[in-house]
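So you know, we letter chains A, B, ... as the sequences are listed, proteins then strands, and number each from 1. All values derive from a computational prediction rather than experimental measurement.
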There are 2 protein chains.
Amino acid sequence: MTAEADNVFKALADPTRRAIFEGLARDGEQTVHALTHHAGISQPAVSKHLVILKRAHLVGHRRQGRETHYRARPQALAPIADWMNLYSTFWQNRLDHLEDLLKRMDP
Amino acid sequence: MTAEADNVFKALADPTRRAIFEGLARDGEQTVHALTHHAGISQPAVSKHLVILKRAHLVGHRRQGRETHYRARPQALAPIADWMNLYSTFWQNRLDHLEDLLKRMDP
DNA sequence: CAGATCCATAACCAAATGGCTATGGTTTCG
DNA sequence: CGAAACCATAGCCATTTGGTTATGGATCTG
């Protein structure tokens with residue numbers, strides 16, 4: 001629970017990982033090759049970031065032949081949304097919409 | 001903007017800093033001395049964490065004699081809430097599109 | 001005034017982090 | 001079949017990070 005929020009916060013702390021997540025959320029499923037091209041770093045570096053994003057459940061993957069397609073799993077943002085709701089009501093309204101979406105998306 | 005979100009994500013990536021923030025949000029203003037006692041680490045370590053939380057505007061402080069009182073500033077969470085909502089609207093669009101498709105497919 | 005308390009900063013250190021190249025296992029293609 | 005492409009893992013390295021002790025300035029207190 002708190003451990004899950006920790007994984008998500010740690011995963012999002014790096015701007016390169018946020019950029020990867022943003023790209024997947026914006027443009028949909030992408031191969032490691034495509035992600036590497038956009039990130040401007042080496043393919044192994046991208047793979048390592050993907051491991052960390054997987055640990056936080058922020059991405060899913062699907063093997064197809066020799067390529068792996070990754071996709072964003074925005075439901076994984078729920079733990080940190082919950083965390084924020086715990087400690088303040090200031091931004092409650094701002095997050096209400098998000099909470100609803102996350103609940104609806106939860107399988 | 002993005003730089004601000006980066007500071008906030010980085011500040012919250014460490015569990016000790018989250019615990020400090022949680023304590024301030026839950027129990028209100030506290031001195032460095034009190035925070036040190038709760039954190040179970042040295043006073044300089046706490047001061048360094050407070051510097052990082054200050055950089056992210058997650059805490060404010062007030063000098064009173066020889067002690068400094070810190071308080072949580074939950075409004076500073078807004079940048080990451082906005083960041084999340086950026087993708088929530090994207091999801092919403094996708095959901096809307098999906099709903100449209102489903103309706104049109106419905107006999 | 002003299003000492004004690006509160007806090008910030010500096011200097012240092014081990015561990016974690018984020019990058020790289022090298023390598024190897026699958027899978028596709030000529 | 002042999003070569004090329006895709007990706008994950010391993011090993012290496014520089015930098016960052018989170019902790020420590022040492023120190024000093026400012027403020028209370030006896």
Side-chain angles (χ1 to χ4, degrees), chain A residues 2-24 27-73, chain B residues 2-24 27-73:
Chain A
T2 287
E4 200 55 42
D6 192 58
N7 283 337
V8 177
F9 272 125
K10 277 190 165 51
L12 296 179
D14 182 75
T16 299
R17 279 193 293 272
R18 283 203 305 279
I20 291 176
F21 178 82
E22 291 171 15
L24 291 173
D27 306 328
E29 233 181 45
Q30 292 180 52
T31 67
V32 176
H33 191 65
L35 290 172
T36 298
H37 191 259
H38 288 131
I41 56 180
S42 71
Q43 172 265 312
V46 171
S47 280
K48 284 202 339 189
H49 282 308
L50 288 171
V51 167
I52 296 176
L53 289 168
K54 270 190 283 186
R55 191 184 56 190
H57 304 110
L58 283 164
V59 299
H61 63 285
R62 169 176 69 87
R63 284 287 306 272
Q64 185 179 21
R66 58 181 167 181
E67 42 190 26
T68 309
H69 298 257
Y70 280 85
R71 62 185 175 281
R73 299 191 68 252
Chain B
T2 288
E4 199 56 40
D6 190 59
N7 283 336
V8 177
F9 271 125
K10 278 190 164 50
L12 296 178
D14 182 75
T16 301
R17 279 193 293 272
R18 283 203 303 280
I20 291 176
F21 179 82
E22 290 170 15
L24 291 173
D27 305 329
E29 234 182 42
Q30 292 179 52
T31 68
V32 176
H33 190 64
L35 289 173
T36 299
H37 192 259
H38 288 131
I41 56 181
S42 71
Q43 173 264 311
V46 171
S47 281
K48 285 201 339 190
H49 283 308
L50 289 171
V51 166
I52 295 175
L53 289 169
K54 270 190 283 184
R55 190 183 57 188
H57 303 109
L58 282 163
V59 299
H61 63 286
R62 168 176 70 86
R63 284 286 308 272
Q64 185 179 21
R66 58 181 166 180
E67 43 190 25
T68 309
H69 298 255
Y70 280 85
R71 63 185 174 281
R73 297 191 68 251

Exercise. Looking across every strand, which nucleic acid part, if any, lies under 4.0 Å from Thr68(B) by heavy atom: base, sugar-phosphate, or nothing?
Worked result: sugar-phosphate

Exercise. When we call it a touch if two heavy atoms are under 4.0 Å apart, what does Ala45(A) touch: a base, just sugar-phosphate, or nothing?
Worked result: sugar-phosphate

Protein-nucleotide distance ([X], atom [atom1]; [N], atom [atom2]), rounded to Å:
{"X": "His37(B)", "N": "dT5(C)", "atom1": "NE2", "atom2": "C1'", "value": "16 Å"}
{"X": "His69(A)", "N": "dA5(D)", "atom1": "NE2", "atom2": "P", "value": "17 Å"}
{"X": "Leu53(A)", "N": "dA8(D)", "atom1": "CG", "atom2": "C1'", "value": "15 Å"}
{"X": "Lys54(A)", "N": "dC7(D)", "atom1": "NZ", "atom2": "P", "value": "12 Å"}
{"X": "Ile41(A)", "N": "dT17(C)", "atom1": "CD1", "atom2": "P", "value": "16 Å"}
{"X": "Lys10(A)", "N": "dT17(D)", "atom1": "NZ", "atom2": "P", "value": "13 Å"}
{"X": "Gln64(A)", "N": "dC7(D)", "atom1": "CD", "atom2": "P", "value": "11 Å"}
{"X": "Leu50(B)", "N": "dC6(C)", "atom1": "CG", "atom2": "P", "value": "16 Å"}

Problem set entry | Distance-only donor-acceptor test, Arg66(B) side-chain atoms vs dT5(C) base atoms, 3.5 Å | yes

For this session: Establish whether the base of dA5(D) is bridged to the side chain of Glu67(A) by a donor-acceptor pair shorter than 3.5 Å.
Result: no

Exercise. Want to settle it: does Arg17(A) or Arg63(B) sit nearer the 5' end of DNA chain C, counting the closest nucleotide to each?
Worked result: Arg63(B)

For this session: Could you say whether Lys48(A) or Gly65(A) is positioned toward the 5' end of DNA chain C, judged by the nucleotide with the nearest heavy atom to each?
Result: Lys48(A)

Exercise. Out of Gln64(A), Arg63(A), Gln30(A), His61(A), which one pairs with His69(A) under the side-chain hydrogen bond (donor to acceptor under 3.5 Å, both in side chains) rule?
Worked result: Gln64(A)

Exercise. If every non-hydrogen atom of Ala13(B) is compared with every non-hydrogen atom of Asp6(A), which pair is closest and at what distance?
Worked result: O-OD1, 3.9 Å

Seminar exercise, completed: In short, Thr36(B) meets Ser42(B) closest at the heavy-atom pair CG2-C, 4.0 Å

For this session: Determine: side-chain N/O of Tyr70(B) to OP1/OP2 of dA8(C), distance under 4.0 Å, yes or no.
Result: yes

Problem set entry | Phosphate-side-chain proximity, Thr16(B) and dT17(D), N/O vs OP1/OP2 below 4.0 Å | no

From [options], pick the nucleotide closest to the side chain of [X]?
{"X": "Gln43(A)", "options": "dG19(C), dT17(D), dA8(D)", "result": "dA8(D)"}
{"X": "Pro44(B)", "options": "dG18(C), dA22(C), dA8(C)", "result": "dA8(C)"}
{"X": "Ser42(A)", "options": "dT21(C), dG18(D), dT17(D)", "result": "dT21(C)"}
{"X": "Val32(B)", "options": "dG18(D), dC7(C), dG19(D)", "result": "dC7(C)"}

Exercise. Would a distance-only check, ignoring hydrogens and angles, find a side-chain to backbone donor-acceptor pair under 3.5 Å from Arg17(A) to Ala11(A)?
Worked result: yes

Problem set entry | Within-4.5 Å side-chain heavy-atom neighbours: Lys10(A) and Ile52(A) | no

